[in-house]
Number of protein chains: 2
Amino acid sequence: MSKSQSKSLKTVDEDHRHSDSEVSNLGKDHYLLEDQVGFILRGVSQRHLSIFSRLIPELTPTQFSALSKLCQLGQASQNELGRLTAMDAATIKGVVDRLKLRELISSEPLSSDLRRLILKPTSAGQQLYLKVVSSAHAVTKETLEPLSDKEKDVFLSLLKKLI
Amino acid sequence: MSKSQSKSLKTVDEDHRHSDSEVSNLGKDHYLLEDQVGFILRGVSQRHLSIFSRLIPELTPTQFSALSKLCQLGQASQNELGRLTAMDAATIKGVVDRLKLRELISSEPLSSDLRRLILKPTSAGQQLYLKVVSSAHAVTKETLEPLSDKEKDVFLSLLKKLI
DNA sequence: GCAAATTAGTTTGTATGCTAACAATTAATT
DNA sequence: AATTAATTGTTAGCATACAAACTAATTTGC
């Protein structure tokens, strides 16, 4: 989506495809993939990810979401952190596991509720968060760069309605 | 994001978190995850996926993208199909493999260019496409349902600028 | 006070989506 | 003709993301 979609660098067979009746594409179904919100959404997500990983190579978007929430809260249980970052239990577990592996966060069971794992950022985790938070702002800025200031506001308010 | 985020069904520890200096959250970093375009985008994608899989349980969004393109074109090489559906070579391969496994598409090498695999939808693939294409329209409709007609137009045109 | 429902966390399986490296084939250049 | 470059497809590894099935702990409702 973002690169080298230059179209027709191909040399053969890019034609005579609707030649005859080999395809029973009976009567225009007028389904245009390029106009579907899901398809465009996927393209925008791909572009955002590519910007994010260029500006913040140390963390993935979900890892940064979890780390930033945890740094701002100070602590949270694993499921709670998942809810706050819109990740289900299975997803937040993987994210937390990888952050723990890198010792950016720590966990300890809560004595008053043995089901809960209390997560806290380590010193290294807080330092990394403070180091990259300005880049995180830059990610949003660059992602929205094709829009004017007014368009940004309109877009974000409409986008929020679709969650 | 979409469900049961009722907030504060929790009973303990949801407080005294910023109690003191245990967190060196020095000076408001004013990074609000909920306002970042990437975070909202992920939420919208999650909601879209949930709508899609409810209305079209037979296929994933990328599978439907590939199948619909192939049915409309009649045939395409694997890489070509990937470009048309915004998937890189590794991703389109997985999608194609799963569609072939279910015999919704077929492949054969092109004699004039032995690097290429020519993909075509099978009869079952075409039938499935024709069966679900109206649901695919419904997916877009339901996803955009929170917006007025005018807002939909504005939103889609802005979204397209961000690819 | 005890069964039932709820909540927290884990595990498994399936499906994207990315990067990177690779082999085979074909095209372009010298 | 030989080298170089580009394209096609494959494989592997990592990281979301979902559903479903499971254990364990806690809360509830009677």
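Just the heavy atoms: all of them, side chains too, but no hydrogens, waters or symmetry mates, feed the values below. Letters go in sequence order (proteins before strands), and every chain restarts at 1.
- Side-chain to base pairing of R115(A) with dT26(D): no donor and acceptor N or O lie closer than 3.5 Å to each other.
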For this session: With side chain to side chain donor-acceptor pair (under 3.5 Å) as the test, would you mind laying out the steps for S107(A) and K100(A) before giving the verdict?
Result: CA-CA 8 Å; S107(A) 72; K100(A) 277 200 292 194; 3.2 Å; yes
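- Whole-Å rounding puts the D88(B) CG to dT8(D) C1' distance at 13 Å.
- Contacts of T60(A) with the nucleic acid, taken as non-hydrogen atoms under 4.0 Å apart, involve only primed sugar atoms and P, OP1 or OP2.
- For the residue pair Q126(B) / T122(B), no side-chain donor-acceptor distance below 3.5 Å is found, with atom types taken as modelled.
- The nearest whole Å value for the distance from the CZ atom in R98(A) to the C1' atom in dC14(D) is 8 Å.
- Between K93(B) atom NZ and dA20(C) atom C1' the separation is 16 Å, expressed in whole Å.
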Problem set entry | Pair K69(A)-E34(B), salt bridge (Lys or Arg N to Asp or Glu O under 4.0 Å): steps then yes or no | CA-CA 10 Å; K69(A) 265 294 175 218; E34(B) 291 77 7; 2.8 Å; yes
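- When the C1' atom of dT16(C) is taken as reference, atom CG of D97(B) falls 13 Å away, rounded to whole Å.
- With dT11(D), dG17(C), dA8(C) as the choices, the nucleotide that has an atom nearest any side-chain atom of Q46(A) turns out to be dG17(C).
- Between the CG atom of L49(B) and the C1' atom of dA19(D) there is a distance of 11 Å, rounded to whole Å.
- Looking at the side chain of A90(A), the nearest of the listed nucleotides dA15(C), dG9(C), dA19(D) is dA19(D).
- R54(A) has its CZ atom 15 Å from the P atom of dC18(C), to the nearest Å.
- Regarding contacts with the backbone of dT26(C), every side-chain N or O of R116(B) stays at 4.0 angstrom or more from both OP1 and OP2.
- Under the 6.0 Å cut-off for aromatic ring centres, F64(A) and F39(B) do not qualify, their centroids lying 6.0 Å or more apart.
- For N79(A), the side-chain atoms get nearest to dA8(C) when compared with the rest of dA8(C), dA19(D), dG9(D).
- Of the candidate nucleotides dG9(C), dG9(D), dA19(D), dG9(C) has the atom lying nearest to any side-chain atom of S77(A).
- Between dT10(D) and Q78(B), a contact under 4.0 Å exists linking OP1 or OP2 to a side-chain N or O.
- Note: CG (L117(A)) to C1' (dT26(D)) measures 16 Å, nearest angstrom.
- If you find the closest nucleotide of DNA chain C to L114(B) and to A89(A), the one lying nearer the 5' end belongs to A89(A).
- Which of dT26(D), dT10(D), dA15(D) sits closest to the side chain of D113(A) comes down to dT26(D).
- One atom, CE of M87(B), and another, C1' of dT19(C), lie 18 Å apart when rounded to the nearest Å.
- Using a cutoff of 4.0 Å between basic side-chain nitrogens and carboxylate oxygens, R116(A) and E80(A) are not scored as salt-bridged.
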